[in-house]
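When a residue number appears, it is its place in the shown sequence, counting from 1. In this text the structure is predicted, and so the values were computed from the model without any measurement.
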Amino acid sequence: MKKIYLASPISKYVRNGMSEDYTSVIDRVYNLLNEYGETYYPLKKEAYGEDKLSGSGEVCTKIDFEKVNEADLIVAFVEDSQGVSVEIWWASAAHKNMIIFIDKNYHQSELIRFIDTITPAHKIVIDTSHGYKKEQAKIILEIKKYLEDNREI
């Protein structure tokens, strides 16, 4: 069974409140990924910011690092998250397969934009200026297509 790591911004949504627009799409992605393998999603593990102990850097950094290294595939929503950027770099150092959703509303480092030159990364540009739900069909379609085309991962 595939092991999948879902990386998405956490801190800003916990700090500013979890929007239904964001969580409904990310939950849909999580459920879809679970159809293809065992999916680890830190935000779920941390109870969407409610479990302060599990979400502390002291606890989650080591666990997240181990889970990235165990994963066969990383699915990442970058936005402006430093944490997701770190997870992507852990994954790239281990030459993990990745699907990276790059939101055009956020400036991305050239290093993220060209990550596919050093590791197998499939990048998809999304536009959440009108919310994640407007991009949900595209996100789901891209993930399904990638997973169907790359069954050997």
Side-chain angles (χ1 to χ4, degrees), residues 2-52 54-57 60-61 63-64 67-68 71-92 96-151 153:
K2 280 184 195 35
K3 289 190 176 187
I4 304 169
Y5 186 98
L6 176 56
S8 73
I10 294 174
S11 298
K12 81 176 196 179
Y13 287 107
V14 169
R15 215 175 18 256
N16 301 327
M18 302 298 296
S19 74
E20 194 272 331
D21 173 71
Y22 174 76
T23 56
S24 68
V25 174
I26 298 299
D27 282 346
R28 174 69 182 99
V29 167
Y30 174 78
N31 291 333
L32 172 64
L33 294 173
N34 272 322
E35 293 174 22
Y36 289 87
E38 177 188 331
T39 304
Y40 179 80
Y41 182 36
L43 194 55
K44 279 235 187 252
K45 182 188 155 300
E46 297 162 14
Y48 292 90
E50 297 299 316
D51 184 345
K52 301 299 184 207
S54 290
S56 74
C60 72
T61 303
I63 294 168
D64 292 354
K67 295 294 185 180
V68 164
D72 302 302
L73 173 67
I74 310 303
V75 177
F77 291 83
V78 184
E79 288 190 19
D80 59 355
S81 174
Q82 292 176 354
V84 174
S85 294
V86 168
E87 292 162 328
I88 288 171
W89 285 111
W90 289 338
S92 69
K96 299 291 182 174
N97 294 290
M98 290 186 262
I99 304 171
I100 303 174
F101 290 94
I102 299 175
D103 194 328
K104 74 178 207 168
N105 294 298
Y106 299 94
H107 172 74
Q108 294 304 318
S109 162
E110 293 288 302
L111 300 175
I112 295 288
R113 290 184 42 235
F114 291 95
I115 191 99
D116 57 333
T117 64
I118 62 168
T119 197
H122 178 63
K123 301 174 303 184
I124 301 103
V125 175
I126 59 174
D127 178 2
T128 62
S129 57
H130 298 291
Y132 268 85
K133 284 188 181 176
K134 294 281 186 189
E135 293 292 298
Q136 178 173 305
K138 178 180 182 178
I139 291 167
I140 297 301
L141 180 69
E142 290 286 348
I143 292 171
K144 282 183 178 179
K145 183 177 180 332
Y146 181 90
L147 290 169
E148 292 298 322
D149 290 349
N150 296 282
R151 288 188 175 271
I153 293 175

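Closest approach of K133 to S24, counting heavy atoms only: CE-OG, 3.0 Å. Taking all atoms of both residues into account, the shortest heavy-atom contact from A7 to E87 is CB-OE1, 3.2 Å. Of all heavy-atom pairs spanning D116 and A121, the tightest one is CB-O, 3.5 Å. Y146 approaches L73 most closely through the heavy-atom pair CE2-CD1, 3.7 Å. A pairwise comparison of heavy atoms in S8 and V84 identifies C-CG2, 3.4 Å as the closest pair. Scanning all heavy atoms of the two residues, the minimum distance from K2 to R151 falls at NZ-O, 3.2 Å.
A side-chain contact (heavy atoms from CB on, under 4.5 Å) with Y30 holds for exactly one of L6, V25, V75; it is L6.
When side chains are defined from C-beta on, V86 does not count as touching D64, because their heavy atoms never get closer than 4.5 Å. Residues F77 and D103 fail the side-chain proximity criterion, which asks for heavy atoms closer than 4.5 Å. Under the 4.5 Å side-chain criterion, counting only non-hydrogen atoms from C-beta, I99 is in contact with F101. Two residues are said to be in side-chain contact when any heavy atoms from C-beta on lie closer than 4.5 Å; I100 and H122 fail this criterion. Considering only heavy atoms from C-beta on, K134 stays 4.5 Å or farther from S129 through its side chain.
Under the 3.5 Å distance criterion, the side-chain polar atoms of Q136 are left unmatched by any main-chain donor or acceptor of R28. No donor-acceptor pair under 3.5 Å is formed between the side chain of T119 and the backbone N or O of I115. With hydrogens and angles disregarded, no donor-acceptor distance shorter than 3.5 Å links the side chain of D80 to the backbone of Y106.
Under the rule for a side chain to side chain donor-acceptor pair (under 3.5 Å), K96 has no partner lying at least two apart in sequence or in another chain. Evaluation of the side chain to side chain donor-acceptor pair (under 3.5 Å) rule for T117 yields no partner, not counting sequence neighbours. Applying the side chain to side chain donor-acceptor pair (under 3.5 Å) rule to K144 yields no partners; only residues at least two apart in sequence or on another chain are considered.
Expressed to the nearest 0.5 Å, how far CD1 of I74 lies from CH2 of W90 amounts to 10.5 Å. Interatomic distance, I126 CD1 to E135 CD, rounded to the nearest 0.5 Å: 6.0 Å. The distance from atom CD of E38 to atom CG of D72, rounded to the nearest 0.5 Å, is 10.0 Å. Note that CG of L111 is 10.5 Å distant from CZ of R113, once rounded to the nearest 0.5 Å. Annotation: the span from I102 atom CD1 to K104 atom NZ amounts to 13.5 Å, rounded to 0.5 Å. To the nearest 0.5 Å, atom CD1 of residue I143 and atom CD1 of residue I4 are 9.0 Å apart.
A side-chain donor from one of N105 and D127 sits under 3.5 Å from a side-chain acceptor of the other. Under 3.5 Å, the side chains of E148 and Y36 contain a donor-acceptor pair of N or O atoms.
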Legend entry - Steps toward side chain to side chain contact (heavy atoms under 4.5 Å, CB included) verdict (V29, I140): CA-CA 7 Å; V29 167; I140 297 301; 4.0 Å; yes
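More than 12 heavy atoms of other shown residues, nucleotides or ligands fall within 6.0 angstrom of atom NZ in K138.
Remark: K123 qualifies as a cation-pi partner of F114 under the 6.0 Å distance and 45° angle criteria applied to the six-membered ring.
Classification of the Y5-Y40 ring pair by plane angle, with boundaries at 30° and 60°, yields tilted.
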